Amino acid sequence: MLIPRKFFARPSVEAAPDLLGSVLEHETADGLVAVELTEVEAYAGRSDPASHAYRGKTARNAVMFGPPGHAYVYFTYGMHFCVNVVCLGEEGSASAVLLRAGRVIAGEELACARRTRGTTAIAPRDLARGPARLCQALGIDRSQNGADMVSAGSPLRMLSGAGNPARSALLASGDETLIHPATPRRIVTGPRVGVSSAAEIPWRFWYDGDPTVSVYRAHVPRQPKPVTP
DNA sequence: ATGAAGATTGCCT
DNA sequence: GGCAATCTTCATG
């Protein structure tokens, strides 16, 4: 069932770990893809140097200053999209949770088609393993920026882990490995990925040992172009 | 107007 | 493990 909007009406640091295990669905003309979230990161907005909202409201980050439960989608590195759910701590805090990785539990064929490059096959665990991969598997791009994710009938929606349609379908199919992952569902926390400022703050949350969690990479600043002597 | 860096990924050695 | 791809955004001149 749809997650109530008030779930997101609190600081992202509190909502983030509670989001693990819930389901993100996107229904398009091509079909439905659903992902069970296994890794997220909290961004505090105005008070967080690592947040896109740290320096105030701009055209790009405007959605984060709006009501909770909406999608903040941004384009980065000239080729990737990432999706956040807007939260609400203090009024205008512009906090959000970055959805970093998950397990595809419905629409695997469609997700695979969207992710496939050339002829190389992609392992199921890698379909949504990383924030840009997750968006690609779900078909999320610029046009989903600002979408309400907790409104009935929304094509892009956040569902609680128990009782959602995709999970029910799995129960019916009897696929035990997907219903009950082999790895323990213990939540652990650590530093956020690829963040240069406030890198010591452990606001990344994930399922310990889950194979769909992205590999950690510390932030590496790119070297400037060599200057001709 | 201009340029540097970026909440990343995939391919190369 | 290193680096290119690729383009938007924001800060600075």
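For clarity, every value in this text was computed on a predicted model and none was experimentally measured. First the proteins, then the strands, lettered A, B, ... as listed; each starts at 1.
- Using a cut-off of 4.0 Å between Lys/Arg side-chain N and Asp/Glu carboxylate O, Asp126(A) and Arg115(A) are scored as not salt-bridged.
- Under 4.0 Å is where a charged nitrogen must lie from a carboxylate oxygen, and between Glu27(A) and Arg157(A) at least one such pair does.
- When Watson-Crick and G-U wobble pairs are counted only if both distances are under 3.5 Å, dT6(C) pairs with no nucleotide at all.
- The distance between atom CE of Met79(A) and atom P of dC3(C), rounded to the nearest whole Å, is 16 Å.
- Between Arg100(A) and dT8(B), a side-chain N or O to OP1/OP2 separation shorter than 4.0 Å is present.
- Within the 4.0 Å cut-off from OP1 or OP2 of dT9(B), not a single side-chain nitrogen or oxygen of His80(A) is found.
- Judged purely by distance below 3.5 Å, without hydrogens or angles, the side chains of Thr38(A) and Arg125(A) never pair a donor atom with an acceptor atom.
- Spacing between atom OH of Tyr74(A) and atom C1' of dT8(C) amounts to 13 Å, rounded to whole angstrom units.
- Remark: Ser196(A) is in phosphate contact with dG6(B), judged by side-chain N or O atoms under 4.0 Å from OP1 or OP2.
- Nearest to the side chain of Thr58(A), among dA7(B), dT8(B), dC10(C), sits dC10(C).
- One P atom belongs to dC3(C), the other to dA5(B), and the distance between them is 16 Å to the nearest Å.
- Scanning all heavy atoms of the two residues, the minimum distance from Leu24(A) to Leu134(A) falls at CD2-CD2, 4.1 Å.
- The base of dA5(C) is not paired with the side chain of Tyr77(A) by any donor and acceptor separated by under 3.5 Å.
- At a threshold of 4.0 angstrom between heavy atoms, the contacts of Arg115(A) are confined to the sugar-phosphate backbone, with no base atom among them.
- Between Phe81(A) atom CZ and dA7(B) atom P the separation is 15 Å, expressed in whole Å.
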